[in-house]
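These numbers come from the heavy atoms of this one structure, side chains and all, not from hydrogens, waters or symmetry mates.
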Amino acid sequence: MLRKREELSIQLEHVRVQAQIYGNPKSFPLLCLHGWLDNSSSYEGLAKHLDKLYLIALDFPGHGYSDHLPHGMRYNFSELAAVIYGCIRKLKLNHYGLMGHSMGAGAATLAAAVLGEPLKALILLDGIGPISQKPADALDSMRKSILSFHRMAEKKMPIYQSRQRAITARMNAGNIDKESVVKLVKRGLEKTSDGYRWRSDPRLKVPS
C-alpha cells in the first residue's frame with residue numbers, strides 16, 4: 001500500500017526546490033521530473049502503481065511550490081540538469097533513477113550524461129533529449145529569445161475570476177483532460193485579491 005504523500009524542501013545554493021515524496025525512503029529512489037508549465041502533481045496518478053519505490057517528484061524552479069530563479073536568470077535545459085544534480089547531492093543519494101516527462105525527459109538525458117555510475121535507471125516519457133534545431137536557425141532563435149526576455153516587463157499575468165475558468169483555459173491551451181488539469185491546479189494556481197493566477201514564472205515562456 002502506498003504511504004501518504006509528504007512534502008520535502010531542498011535548499012540549493014541559489015534556489016529552493018519543493019518536492020512531493022511517496023513510498024519508503026529505504027526503497028530505491030526515483031526522481032520524477034515533470035514537463036514544461038506542469039508540476040510534481042503530474043506523477044500523482046502514477047505513484048500508486050510504483051508503491052515499491054521511493055518517489056521524489058520535484059517541482060522544477062519556476063513551477064509549483066518551488067522558488068522562481070533569481071532576478072536576471074533564464075530557464076534552460078542546462079540549468080535543469082544542474083538542479084537535478086544539486087538535489088541528488090543535497091539528498092545524499094548514492095544510487096537512484098530518473099524518470100522524466102517531456103521537458104523533464106530532456107533534462108533527464110542531459111543529467112544522465114554527466115551523473116555516471118550512481119544512476120541505475122533512466123525512464124523517458126514522451127521525450128528524449130532537449131529540443132534541437134537546424135544550425136542555420138540559431139541566430140534567429142537567439143534574437144527572438146533576447147527580445148522576448150526584455151519585453152517581459154511589458155506583459156501582464158492573466159487573472160481568472162474563478163478556478164474553473166483557469167482550469168478551462170489550461171485544458172484548451174494544452175489539450176489536456178480535466179482530471180489531469182485539476183491535479184496540476186493544486187500546486188499551479190494561487191488566489192490573489194483580484195482572482196486566480198498561475199504560480200509559474202512568466203520567464204518560462206521566453207524561448208531559450
Side-chain angles (χ1 to χ4, degrees), residues 10-19 32-42 57-87 98 100-111 113-114 124-160 165-176 180-181 184-185 187-190 192 194-208:
I10 308 169
Q11 184 61 56
L12 304 182
E13 288 76 6
H14 64 304
V15 69
R16 177 189 57 82
V17 175
Q18 197 70 17
C32 303
L33 313 169
H34 63 78
W36 181 62
L37 294 180
D38 292 342
N39 56 62
S40 57
S41 290
S42 296
L58 303 180
D59 283 337
F60 276 128
H63 299 77
Y65 289 163
S66 288
D67 290 343
H68 294 183
L69 288 181
H71 181 71
M73 289 189 67
R74 301 174 183 234
Y75 292 88
N76 54 60
F77 277 102
S78 59
E79 172 62 23
L80 294 179
V83 166
I84 295 168
Y85 175 72
C87 289
L98 299 177
H101 166 245
S102 191
M103 179 188 76
T109 56
L110 289 186
V114 299
L124 306 177
L125 309 174
D126 191 31
I128 179 169
I131 297 173
S132 60
Q133 62 181 8
K134 297 178 180 178
D137 297 331
L139 182 59
D140 187 50
S141 293
M142 183 181 295
R143 182 183 296 110
K144 289 179 180 178
S145 178
I146 292 172
L147 293 177
S148 179
F149 185 80
H150 287 282
R151 287 171 180 163
M152 286 304 302
E154 304 169 9
K155 296 184 178 181
K156 294 183 178 180
M157 293 282 287
I159 299 293
Y160 304 94
R165 288 189 179 184
I167 289 171
T168 300
R170 187 70 176 90
M171 289 171 61
N172 293 337
N175 193 24
I176 308 174
S180 298
V181 172
L184 296 175
V185 160
R187 300 172 80 81
L189 205 63
E190 64 180 355
T192 70
D194 299 321
Y196 294 86
R197 68 180 179 187
W198 298 110
R199 293 179 182 273
S200 54
D201 191 333
R203 286 174 290 174
L204 290 166
K205 295 186 177 181
V206 174
S208 62

Give, for atom [atom1] of [X] and atom [atom2] of [Y], the distance between the pair rounded to the nearest 0.5 Å.
| X | Y | atom1 | atom2 | result |
| --- | --- | --- | --- | --- |
| Leu80 | Leu33 | CG | CG | 9.0 Å |
| Tyr75 | Met73 | OH | CE | 8.5 Å |
| Asp201 | Ser66 | CG | OG | 11.5 Å |
| Leu98 | Ile84 | CG | CD1 | 6.0 Å |
| Glu79 | Leu110 | CD | CG | 12.0 Å |
| Ser200 | Met157 | OG | CE | 5.0 Å |

Within the structure provided, determine whether [X] and [Y] are in side-chain contact (heavy-atom separation under 4.5 Å).
| X | Y | answer |
| --- | --- | --- |
| Tyr65 | Val17 | no |
| Arg170 | Val185 | no |
| Tyr160 | Trp198 | yes |
| Pro61 | Asp67 | no |

[X]: partners by salt bridge (charged side-chain N to carboxylate O under 4.0 Å, His left out), with sequence neighbours left out:
| X | value |
| --- | --- |
| Glu190 | Arg197, Arg199 |
| Arg187 | Glu7, Asp59 |
| Lys144 | Asp140 |

Please check this pair: side chain of [X] against backbone of [Y], looking for a donor-acceptor N/O pair closer than 3.5 Å.
| X | Y | answer |
| --- | --- | --- |
| Ser102 | Gly127 | no |
| Arg74 | Val206 | no |
| Thr109 | Gly106 | yes |
| Asn39 | His63 | no |
| Tyr196 | Arg165 | no |

Near [X] [atom1], under 6.0 Å, is it more than 12 heavy atoms from other residues, nucleotides or ligands?
| X | atom1 | answer |
| --- | --- | --- |
| Ile159 | CD1 | yes |
| Phe77 | CZ | yes |
| Met152 | CE | yes |

- Message: Between His34 and His101, does the side chain to side chain contact (heavy atoms under 4.5 Å, CB included) criterion hold? Intermediate values first, please.
- Response: CA-CA 5 Å; His34 63 78; His101 166 245; 5.8 Å; no
Which pair of non-hydrogen atoms, one from [X] and one from [Y], has the smallest distance, and what is that distance?
| X | Y | value |
| --- | --- | --- |
| Leu58 | Ser40 | O-CB, 3.4 Å |
| Pro207 | Ser145 | O-OG, 2.7 Å |
| Gln133 | Ser141 | OE1-OG, 2.8 Å |

- Message: Checking side-chain polar atoms at under 3.5 Å, does Asn76 have a donor or acceptor matched by the opposite partner on Ser78?
- Response: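 Yes, Ser78 and Asn76 have a side-chain donor paired with an acceptor closer than 3.5 Å.
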